[in-house]
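Notes follow the structure.
Note that this is a predicted model, so its numbers are computed, not measured. Throughout, residue positions are numbered sequentially from 1 according to the sequence presented.
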Amino acid sequence: MEQPITEDKIKLIYEFNNNSPLFARVALSEVEHGSIPEAINILQNGIKLYPSYPSPYIVLALANAYSGNKDEALKYLSKGCEIINSPDTFNHYNEKIITIIA
């Protein structure tokens with residue numbers, strides 16, 4: 001049976017190859033642990049390499065919401081949802097952003 005990839009393994013892979021698309025998952029972990037500036041830095045650098053990868057925009061939206069930057073959060077959420085053409089995803093994460101900001 002194959003073992004699941006743990007957060008530590010993902011971070012280790014990213015450490016050795018920070019050009020990996022795993023940057024979005026690593027950044028999400030940073031957000032979950034309250035390291036918002038580090039998450040934002042990881043995401044902004046990763047988006048330069050993968051500008052059409054939607055997940056980091058959504059994670060960046062959440063990170064900005066935790067920083068109290070509602071306008072930036074909505075800008076990045078809109079960008080991520082535009083890539084996948086999903087109003088439902090926008091509505092879901094918009095509710096999260098409203099809750100976080102409140």
Pairwise distance CD1(Ile97) to CD(Glu72) - rounded to 0.5 angstrom: 11.5 Å
Lys70: side chain to side chain contact (heavy atoms under 4.5 Å, CB included) partners, not counting sequence neighbours: Leu74, Ile101
Same apolar cluster: Tyr76 and Ile98, side chain cutoff 4.5 Å: no
Minimum-distance pair of heavy atoms, taken over all atoms of Asn94 and Leu77: N-CD2, 3.5 Å
Nearest-0.5 Å distance, CD of residue Glu95 to CD1 of residue Ile100: 11.5 Å
Neighbour count >12 (heavy atoms, 6.0 Å) for atom CG, Asp71: no
From CG (Leu43) to OH (Tyr53), nearest 0.5 Å: 10.0 Å
Closest contact, heavy atoms only, Ala63 versus Ile36: O-CG2, 3.3 Å
Heavy-atom neighbours of Tyr66 OH exceed 12 at 6.0 Å: no
Non-hydrogen atoms of Lys11 and Val26 that approach each other most closely: CA-CG2, 4.2 Å
Under 3.5 Å donor-acceptor, Ser29 side chain and Arg25 backbone: no
Nearest heavy-atom neighbours spanning Ala24 and Val59: O-CG2, 4.3 Å
Gap between atom CD1 of Ile47 and atom CD1 of Ile42 - 0.5 Å precision: 12.0 Å
Distance-minimising heavy-atom pair for Ala65 and Ala73: N-CB, 3.8 Å
Between NZ on residue Lys75 and CG on residue Asn64, distance to nearest 0.5 Å: 8.0 Å
Rounded distance [0.5 Å steps], CD1 in Ile84 versus OG1 in Thr89: 4.0 Å
Non-neighbouring partners of Lys96 that pass side chain to side chain donor-acceptor pair (under 3.5 Å), sequence neighbours left out: none
Closest approach of Ile83 to Ser52 (non-hydrogen atoms, all atoms of both residues): CG2-O, 3.5 Å
Whether Phe23 and Tyr50 hold their rings parallel, tilted or perpendicular, with breakpoints at 30° and 60°: parallel
Heavy-atom check, side chain of Tyr57 versus side chain of Pro51, under 4.5 Å: yes
N/O donor-acceptor pair under 3.5 Å between Asn45 side chain and Asn41 backbone: yes
Asn69 backbone acceptor or donor facing Ser67 side chain under 3.5 Å: no
